[in-house]
Protein chains: 2
Amino acid sequence: MPKNCNFIEKLREVGLRPTKQRIKICEVLYNREKTFHFTVNDLVKMISEQMSQKISLATVYNTVHAFEKKGYLKEISIDSQKTYFDTNTSAHHHFFDEDTHELIDCDGSDIDKINIRKTITGKKINSIEVLVRIASDNQNQK
Amino acid sequence: MPKNCNFIEKLREVGLRPTKQRIKICEVLYNREKTFHFTVNDLVKMISEQMSQKISLATVYNTVHAFEKKGYLKEISIDSQKTYFDTNTSAHHHFFDEDTHELIDCDGSDIDKINIRKTITGKKINSIEVLVRIASDNQNQK
DNA sequence: AGCTACATTATAATTATTCTAAACTATTGA
DNA sequence: TCAATAGTTTAGAATAATTATAATGTAGCT
């Protein structure tokens, strides 16, 4: 059974027409064991390597943002200019390696649940994100 | 006693020459009761309003980054393309209002200390940042 | 098969930031 | 006090990520 059928259904559910390009995007994003992190640029590169015809940047941006809006992707904030996305949409936190610019997932046992005592009237909490910045520890090696 | 003397000393300590422009930047950043958040653009606007001659974007970027490197300013990561800076350099976390794009400080009593159980060999933790995204709560008003 | 609405695409536009090189100025020492 | 010099400022160009545009293409209904 071709896996693409799932993606066609998935796209329909989300209200997107299943086109060649979008199915390809789905394949690259979701046809894998583990969730992963990527930038739009990464994604375009991956797709270009796997397709004969090239895909437009605009299409990738549009589709990725459509997925994000529907909750199939999560955006991650890091100070660099680039926007990272995560195919792991469950609530979790991240380590960011400032040397390699690599993002690493934390699971529930790595960080205790964050308890926010402050409330702001008329506002609800959309999300709580923890970013732990790490870098090589040269202290001991010198 | 003119307050500028402090800024001249401060700049010298940081290893920057105290020029008109830099002193003006210091005044706008540190001549106030409370710490605050800003983007480089905000800062240029504030300075332009207070000075007859205009200040170059490049100067502001250079100076702000010099301060940041020395620990006199903190950079804050938010998904938008803009980089926010904070004159409050102590360890603290933030609320980000997604409606108004306003940043709000949390103090120690708002969020418990974050305990990270995960360690990555050869890497040290540089910082732990919590960002709580909030937005207007329309659930009850509809 | 053909219509129509939605998609894709290349390209231009926009925005934030960094770079560059020429003009300027604070500091140092004579 | 004044000139030399090393660091600064500046306007504008360059870059990079992202978004908008408008012409062309295509999925899905009839």
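Convention: sequence-line order gives letters A, B, ...; per-chain numbering from 1.
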Can you give me the N/O atom pairs linking the protein to nucleotides 19-23 of chain D at distances under 3.5 Å, or say none if there are none?
none

Original post:
How about B/Asn41 and B/Thr39: does a side-chain donor come under 3.5 Å of a side-chain acceptor?
Top reply: no

Rounding to a whole Å, what distance do you find between [X]:[atom1] and [N]:[atom2]?
X	N	atom1	atom2	answer
A/Phe85	D/dT18	CZ	P	7 Å
A/Leu16	C/dC6	CG	P	12 Å
B/Ile47	D/dT10	CD1	P	10 Å
B/Lys82	C/dA16	NZ	P	6 Å
A/Lys24	C/dA7	NZ	C1'	19 Å
B/Arg22	D/dT9	CZ	C1'	9 Å
A/Asn41	D/dT18	CG	P	8 Å
B/Leu11	D/dG7	CG	P	16 Å

Original post:
Counting only side-chain N and O atoms of B/Ser56, is one of them less than 4.0 Å from OP1 or OP2 of D/dT9?
Top reply: no

**OP:** Tell me whether the OP1 or OP2 atom of C/dT8 has a side-chain N or O from A/Asn62 closer than 4.0 Å.
**Re:** no

Taking only distance into account, with no hydrogens and no angle test, what donor-acceptor pairs under 3.5 Å do side-chain atoms of residues 64-72 of chain B form with protein atoms, sequence neighbours excluded?
| unit_1 | atom_1 | unit_2 | atom_2 | d |
| --- | --- | --- | --- | --- |
| B/His65 | ND1 | B/Tyr61 | O | 3.2 |

Report the residues that fulfil salt bridge (Lys or Arg N to Asp or Glu O under 4.0 Å) with [X], sequence neighbours left out, ordered by chain and then residue number.
X	answer
B/Asp107	none
B/Asp97	A/Lys123
B/Lys118	A/Asp110

Original post:
If you measure from the Lys or Arg side-chain nitrogens to the Asp or Glu carboxylate oxygens, is any gap between A/Glu27 and A/Lys24 under 4.0 Å?
Top reply: yes

Looking at residues at least two apart in the chain, or sitting in another chain, which of them share a side chain to side chain donor-acceptor pair (under 3.5 Å) with [X]?
X	value
B/Lys74	none
A/Asp86	A/His37, A/His92, A/His94
A/Ser77	A/Glu129, B/Arg133

Original post:
Base, backbone or nothing for each nucleotide of nucleotides 25-30 of chain C, written B, S, -, heavy atoms under 4.0 angstrom, 5' to 3'?
Top reply: -BS---

Subject >> Results of side-chain contact (heavy atoms from CB on, under 4.5 Å) for A/Thr87 - residues two or more places apart only >> reply: A/Leu29, A/Tyr30, A/Thr35, A/Phe36, A/Phe38, A/Leu73

**OP:** Check every strand shown and say whether A/Thr83 touches a base, only sugar-phosphate, or nothing at a heavy-atom separation below 4.0 Å.
**Re:** sugar-phosphate

Original post:
Under the ring pair (Phe, Tyr, Trp, His ring centres under 6.0 Å) rule, what pairs show up with a residue in residues 102-126 of chain A, not counting sequence neighbours?
Top reply: none

Subject >> DNA chain D contacts made by residues 69-78 of chain B, counting heavy atoms under 4.0 Å >> reply: none

Original post:
Could you give the distance from CD1 (A/Ile23) to CZ (A/Phe7), rounded to the nearest 0.5 Å?
Top reply: 9.5 Å

Original post:
Which sits closer to the 5' end of DNA chain C, A/Lys54 or B/Thr39, going by the nucleotide each is nearest to?
Top reply: A/Lys54

